[in-house]
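Let me begin by presenting the structure, written as C-alpha cells, before commenting on it.
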Amino acid sequence: MYKLLIRPLFFLFDPEDVHHFTVWAVRFVNKIPGVSSLIRACFVVEDERLEREVFGLKFKNPVGLAAGFDKNAMLYKELANFGFGHIEIGTLTPKAQPGNPKKRLFRLIDDKGIVNRMGFNNGGVEEAVERLKKNKSVLIGGNIGKNKVTPNEQAVDDYTYCFKALYPYVDYFVVNVSSPNTPNLRALQDKEPLTALLNTLQALNNEQVKTKPVLLKIAPDLTNEQLLDIVDIVITTKIAGVIATNTTISREGLTSDNKEEVGGLSGLPLTKRSTEVIRFIAKESKGAFPIIGVGGIHSEGDAMEKLEAGASLVQLYTGFIYEGPFIVKRINKALLKR
C-alpha cells in the first residue's frame, strides 16, 4: 500500500513539507489509545537472535534510524514502534539555527536518491534535552556538530558543549565532521584537527563516572589514504568506532533532471560506495573497532552486504522514505533466516 498509494501521494508535494507533516501525523496517531500497540504488532520483530552487543551496548536488533530524520528528538518514541533497534537524533548544535535557505531538500526519483543541503537546522541541544528527559526505553544516539557561525578553530567548544548537555540522556555519541552542507566542516576530517577534537572529547568522556561510546561519522568521498588516516585516528584516540558513511558530493551515474542540485546525496546511488568504505576500513583495521553501516540501504540484500562487508549494525534513512516502514521488519526477518 505504501508504494502504490502513500508514496505517490507524498511525492506530489515538497519533501520538507511532507517531512513536517509526517512528524505531525505520526505523533498524532500514536496519541490515539491502542494505536502504538497496533503499530508495534505490525512492525516490531522480537527475537533474541537479533540482539547485538556492540561497543558495550545491547541493541534489540541491528537496524537503526540514521541521524537527520529526528533532528530535534521529537519523534524517537514513536519511531521506535516501527521496529528500529536504535534511533539516532541530530545533528544537534549548541545554539538553535535555521539552516540553509529553502528550497534545500530534493528528491531524485529516477535514481531513488535525495539531495539535501539542510545545514544542521535544529532547535539547539537544550531543546532536545528537555524531550530526551522523558525517554524510558529507546536506545538513543546523539549526533553532534558545530554551529555555522563557529569558526573551525573554535569548533571543539561546540562539540564539548553538546557532549556535556547530552551526556546524561543518550547512549552513544556521534561526532559529525562530514556533512557537506556546513561551510568548511569537512576540513575537520583532516588528521591533525580531527585527532585534537576526538582527544578532547575522550578526555571529557573519561572524566565521567561511566564513559559512553563516541563514534566518528565519515564521508564517502575520502580517498584510501584518508581512510587509512581515519583508521589510525580511531585506534590512537581510542574512540568506540565509525559510522560509514555520510552523504556524498559525487553525482556519478545519476539520471534525474535535478541531479546537479548542490548538497549531500543519499539513497541508492550511495549503496556501492558506502559498502566499499565499510569493507576497506574493516579490512585495514583488522576489525579493531565496530562500524555502523549506512548509505543506500533499500532492501534486505543491501543490509546484508553491509553486514558481510564488516558492519556490526546498519542504519536507514532514504531507504525508509522510498521503501516504506516495512523495510525494517523485512531486514530483521531476513536476518533470522540467515
Side-chain angles (χ1 to χ4, degrees), residues 51-67 85-88 90-91 139-145 159 163 166-167 170-179 186 188-208 210-246 273-295 297 303-315:
E51 292 178 359
R52 301 288 188 274
E53 188 164 328
V54 186
F55 36 79
L57 298 176
K58 194 170 193 178
F59 295 79
K60 291 181 180 179
N61 67 66
V63 186
L65 182 67
H86 66 282
I87 305 290
E88 192 170 304
T91 298
L139 198 156
I140 299 287
N143 189 300
I144 57 177
Y159 286 94
F163 183 94
L166 283 172
Y167 175 83
V170 300
D171 297 286
Y172 70 87
F173 288 91
V174 180
V175 178
N176 188 352
V177 291
S178 53
S179 169
R186 284 190 170 190
L188 293 175
Q189 290 183 118
D190 293 343
K191 193 167 188 177
E192 186 175 340
L194 183 56
T195 301
L197 171 60
L198 295 176
N199 275 332
T200 300
L201 290 175
Q202 279 293 75
L204 182 60
N205 198 16
N206 290 329
E207 291 175 1
Q208 311 305 315
K210 179 183 178 182
T211 61
K212 293 193 175 180
V214 175
L215 286 79
L216 173 68
K217 190 164 188 176
I218 63 173
D221 308 306
L222 299 175
T223 64
N224 284 349
E225 290 74 19
Q226 289 172 314
L227 291 174
L228 288 173
D229 281 345
I230 294 294
V231 170
D232 183 58
I233 290 168
V234 172
I235 293 173
T236 301
T237 61
K238 298 180 181 179
I239 63 168
V242 163
I243 296 186
T245 63
N246 212 321
R273 178 55 186 164
S274 63
T275 304
E276 288 174 349
V277 171
I278 293 165
R279 185 175 290 111
F280 183 89
I281 291 176
K283 179 182 178 182
E284 296 300 326
S285 69
K286 297 181 173 60
F289 49 82
I291 301 167
I292 298 181
V294 56
I297 299 176
M304 297 300 175
E305 283 183 3
K306 283 181 167 45
L307 293 168
E308 289 166 2
S312 300
L313 306 167
V314 295
Q315 291 179 342

As an exercise, state the distance from [atom1] of [X] to [atom2] of [Y], rounded to the nearest 0.5 Å.
X: Lys217; Y: Gln189; atom1: NZ; atom2: CD; value: 11.5 Å
X: Leu65; Y: Gln315; atom1: CG; atom2: CD; value: 7.5 Å
X: Asn224; Y: Ile230; atom1: CG; atom2: CD1; value: 12.5 Å
X: Glu53; Y: Phe59; atom1: CD; atom2: CZ; value: 10.0 Å
X: Arg186; Y: Asn246; atom1: CZ; atom2: CG; value: 6.5 Å
X: Ile87; Y: Asp171; atom1: CD1; atom2: CG; value: 11.5 Å

- Message: Would Thr245 and Arg273 count as a side chain to side chain contact (heavy atoms under 4.5 Å, CB included) here? Give the steps.
- Response: CA-CA 9 Å; Thr245 63; Arg273 178 55 186 164; over 6 Å; no
Measure across [X] and [Y] and return the closest heavy-atom pair with its distance rounded to 0.1 Å.
X: Gly310; Y: Ala282; result: CA-CB, 4.0 Å
X: Gln226; Y: Asp221; result: OE1-O, 4.4 Å
X: Ser312; Y: Pro62; result: O-CB, 4.1 Å
X: His86; Y: Val314; result: CE1-O, 4.0 Å
X: Leu57; Y: Pro213; result: CD1-CG, 4.1 Å
X: Gly85; Y: Leu139; result: O-CB, 3.9 Å

- Message: Go through it in stages, so that I can follow the logic: the residues are Phe289 and Phe55, the test is side chain to side chain contact (heavy atoms under 4.5 Å, CB included), and I'd like the CA-CA distance, side-chain angles, deciding distance and then a yes or no.
- Response: CA-CA 8 Å; Phe289 49 82; Phe55 36 79; over 6 Å; no
- Taking atom NZ of Lys212 as the centre, report whether more than 12 heavy atoms of other residues, nucleotides or ligands fall under 6.0 Å from it. yes
Determine whether [X] and [Y] make a side-chain contact, defined as any pair of heavy atoms from C-beta on separated by less than 4.5 Å.
X: Lys306; Y: Ile297; answer: yes
X: Val277; Y: Leu222; answer: no
X: Val54; Y: Tyr172; answer: no
X: Asn176; Y: Ile243; answer: no

- Listed partners of Asn61 passing side-chain hydrogen bond (donor to acceptor under 3.5 Å, both in side chains), at least two apart: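 side-chain hydrogen bond (donor to acceptor under 3.5 Å, both in side chains) check on Asn61 returns nothing, list empty.
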- Message: For a side chain to side chain contact (heavy atoms under 4.5 Å, CB included) check, start with the C-alpha distance between Leu194 and Asp229, then their side-chain angles and the critical distance, and finish with the verdict.
- Response: CA-CA 10 Å; Leu194 183 56; Asp229 281 345; over 6 Å; no
- Item | Aromatic plane relationship, Phe173 with Phe163 - under 30° parallel, 30 to 60° tilted, over 60° perpendicular | parallel
- Are the side chain of Asn205 and the backbone N or O of Leu201 linked by a donor-acceptor pair below 3.5 Å? no
Pair up each side-chain donor or acceptor in residues 231-241 with any protein partner under 3.5 Å, not counting sequence neighbours, and list the distances.
from, atom 1, to, atom 2, distance (Å)
Asp232, OD2, Lys191, NZ, 3.0
Thr236, OG1, Asp232, O, 2.7
Thr237, OG1, Ile233, O, 2.7

